[in-house]
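The structure displayed is predicted, hence computed values, not measured ones. Just the heavy atoms: all of them, side chains too, but no hydrogens, waters or symmetry mates, feed the values below. Naming convention: chains lettered A, B, ... in sequence-line order (proteins, then strands); numbering from 1 in each chain.
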There are 2 protein chains.
Amino acid sequence: MPYDPSAFPAFAVTVDLVVLTVRRHSLCALAVRRGEPPFKGRWALPGGFVRSDEDLAAAAARELAEETGLLAHDPTLPVPPNAAHLEQLATYGDPNRDPRMRVVSVAHLALAPDLPAPRPGGDAHSVRWAPVESLLEQDGTFGRDSDLAAPLAFDHARILADGVERARSKIEYSSLATAFCPQEFTVGELRRVYEAVWGVALDPRNFHRKVTGTPGFLVPTGGTTTRQGGRPAQLFRAGGATLLNPPMLRPEV
Amino acid sequence: MPYDPSAFPAFAVTVDLVVLTVRRHSLCALAVRRGEPPFKGRWALPGGFVRSDEDLAAAAARELAEETGLLAHDPTLPVPPNAAHLEQLATYGDPNRDPRMRVVSVAHLALAPDLPAPRPGGDAHSVRWAPVESLLEQDGTFGRDSDLAAPLAFDHARILADGVERARSKIEYSSLATAFCPQEFTVGELRRVYEAVWGVALDPRNFHRKVTGTPGFLVPTGGTTTRQGGRPAQLFRAGGATLLNPPMLRPEV
DNA sequence: GATCATAGTCGTCTGCCTGACGATAATCAG
DNA sequence: CTGATTATCGTCAGGCAGACGACTATGATC
């Protein structure tokens, strides 16, 4: 049944990605440097157009793989070694968000373990991990590293802030924090993920009691490691539970 | 700066609304009967095209007002008498979700008090409140009321299910349940909202202790009412608090 | 008017979970 | 061997939720 295309306004639809990881005890996001106007030379979130026969989730997974080599994790399959959690975040469609044309962007949130390759897909200067605080700093009062001082392109600061807030609240009541960890990890490494994402210090003893006492959260693998120094720690894998009940409690302030 | 429109695929962008209310102790959603193909005669969620100069939230608010006369509630302003809570839900963009063309729909969730007019905007047979269970029933095994037995048009059953799930989880940790109540309400009326949305029975004594003991959740107005029968109950208005800490606990199973 | 049904409100008690924190264990660096 | 570091186990007190008893204030019914 043919339809009159002029009967409705035409939009461009893109996906933008908030890709988060924990590196060196701080929460970092993937940023790409724009090579073309508008906002040429500024940092932005990775993203691109949705193809005409492509689902939104597929477009997000494709962009994620192109930028990082990570696979989106299908919950029905066993977790592949380089899998990331991927979920839809929100959609941004202010008429003036892109000066070129009317663009609606479906933002997605990806959570990934720290990648061995610091420079994943493209060339050196166009992709980087940056601490989210520095990406969200609006004032240009930076010393060195001044190329990061400019705010993100488009409305990407808002999108990044929404993604960070989603991650912060979601690790409270789900086992999603394990998405930041490698396949095998220790309780201490998981605790440092919470500490980095929330920006707080947690009591190691209470944290240990909480996570090991929640059924289905962690499965011991039998191995131990001393890669953090100190006494060897048990290794765990993520258990089947996705919802934590009762939740992890984020300390006040 | 002119851009080549053929450089990217053109999409139609719509907003669809999951409008929920509590009527006669059950959770109901607004449904409209489609007057045109595809899915002519079937029930669907209200919605429509986003205009070329219109923000997504504005389009959702416009559709809500057209269908119900409700105003979207701007959190920075005092609550007008006929205000509804409105928030973005999720975006659905499967390439085959609309047989006519490529449509991306940004679904929104609205929570409204029970409306005095059961037939808000249009004519009698095209708009109705229906219990969400009956709208989500997939099998056609209905007795009477068989026009409701057919599944919702497009992917609207999925969208409705997502909206209901959002509402169910959000009243746990926010004061959003008051959006289902009139401006002044009793603790019992608020409890019946929770019971209808969650589909469970709650202990009136523990519920009363919980909501009256949470600072900022309820503000007594001084008045009382006996509209529910029995002993007169205090009237309250929603307080300023939006996040409940600790949350309301949804009983297991 | 007495009685009953209904709904609201106040208390009590017990068990679980959390936060604070002491103590011990197992490694590595010097 | 000593100290630094990290992991792990225990203890204790306070807070909150679930279960439930008791009382209150209305309208309905006889």
Side-chain angles (χ1 to χ4, degrees), chain A residues 24-25 171-173 181 184-196 198 200-237 241 243-253, chain B residues 24-25 171-173 181 184-196 198 200-237 241 243-253:
Chain A
R24 287 180 272 112
H25 210 152
I171 65 174
E172 286 187 53
Y173 57 88
C181 295
E184 296 202 341
F185 54 90
T186 69
V187 174
E189 289 165 347
L190 183 63
R191 175 171 47 84
R192 279 180 280 276
V193 164
Y194 275 91
E195 291 178 333
W198 283 345
V200 298
L202 299 175
D203 185 290
R205 297 158 291 190
N206 293 336
F207 184 87
H208 187 278
R209 178 183 60 194
K210 173 69 177 174
V211 296
T212 57
T214 300
F217 193 5
L218 299 183
V219 177
T221 66
T224 60
T225 183
T226 72
R227 62 178 169 237
Q228 299 293 335
R231 169 176 167 179
Q234 277 189 81
L235 284 169
F236 295 87
R237 273 185 294 105
L243 255 50
L244 303 185
N245 218 315
M248 293 286 307
L249 290 184
R250 173 157 38 162
E252 336 248 321
V253 183
Chain B
R24 286 179 275 110
H25 211 151
I171 65 174
E172 285 187 52
Y173 58 89
C181 294
E184 295 201 343
F185 54 88
T186 70
V187 172
E189 289 164 347
L190 183 63
R191 175 170 49 82
R192 279 180 281 275
V193 164
Y194 275 92
E195 291 179 332
W198 283 345
V200 298
L202 299 174
D203 186 291
R205 299 158 289 189
N206 292 336
F207 184 86
H208 188 276
R209 178 184 61 192
K210 173 69 176 172
V211 297
T212 58
T214 299
F217 193 6
L218 300 182
V219 177
T221 66
T224 61
T225 183
T226 72
R227 61 179 167 233
Q228 299 292 337
R231 171 176 163 178
Q234 276 189 79
L235 284 169
F236 294 86
R237 274 184 294 106
L243 254 50
L244 303 186
N245 216 315
M248 294 287 306
L249 291 185
R250 173 159 35 163
E252 335 249 323
V253 183

Nearest-Å distance for atom pair CZ/P, residues A/F185 and D/dA7: 13 Å
Upstream residue (5' side of DNA chain D) when A/G188 and B/D203 are each assigned their closest nucleotide: A/G188
Whole-Å distance separating the CZ atom of B/F207 from the P atom of C/dA7: 16 Å
Length of the CG-C1' vector between A/L218 and D/dT8, whole Å: 14 Å
B/R250 side chain reached by B/Y194 side chain, heavy atoms, under 4.5 Å: no
Backbone of A/F217 reached by a side-chain donor or acceptor of A/T214 within 3.5 Å: no
Flag, side chain of A/T186 to backbone of A/E189, donor-acceptor distance under 3.5 Å: yes
Side chain A/R205 and base D/dG10 donor-acceptor under 3.5 Å: no
Sugar-phosphate only, base, or nothing, as touched by B/R227 at under 4.0 Å among non-hydrogen atoms: nothing
5'-most by nearest nucleotide on DNA chain D - A/R191 or B/P247: A/R191
B/H208 side chain near C/dT9 phosphate (N/O to OP1/OP2, under 4.0 Å): yes
Proximity to the side chain of B/K210 - top-ranked nucleotide from C/dA20, D/dA17, C/dT9: D/dA17
Separation of atom CG in A/L235 from atom P in C/dT27, rounded to whole Å: 14 Å
Spacing between B/N206 atom CG and C/dT14 atom C1', to the nearest angstrom: 13 Å
Of the listed nucleotides C/dT12, D/dT8, C/dG19, the one nearest the side chain of A/R209: C/dG19
Presence of donor-acceptor pair under 3.5 Å, side chain of B/R231 and base of D/dT24: yes
Non-hydrogen side-chain atoms of A/Q228 and A/R192 separated by less than 4.5 Å: yes
For atom CG of B/N245 and atom C1' of D/dC16, their distance in whole Å: 12 Å
From C/dG8, C/dT9, D/dA17, nucleotide with atom closest to B/R192 side chain: C/dG8
Whole-Å distance separating the CG atom of A/L244 from the P atom of C/dT18: 11 Å
Main-chain N/O of B/L202 paired to B/E195 side chain as donor or acceptor, under 3.5 Å: yes
A/Q228 side chain, from C-beta outward: closest of D/dA7, C/dA7, D/dT8: D/dA7
Value in whole Å for how far the P atom of C/dG19 lies from OH of A/Y194: 13 Å
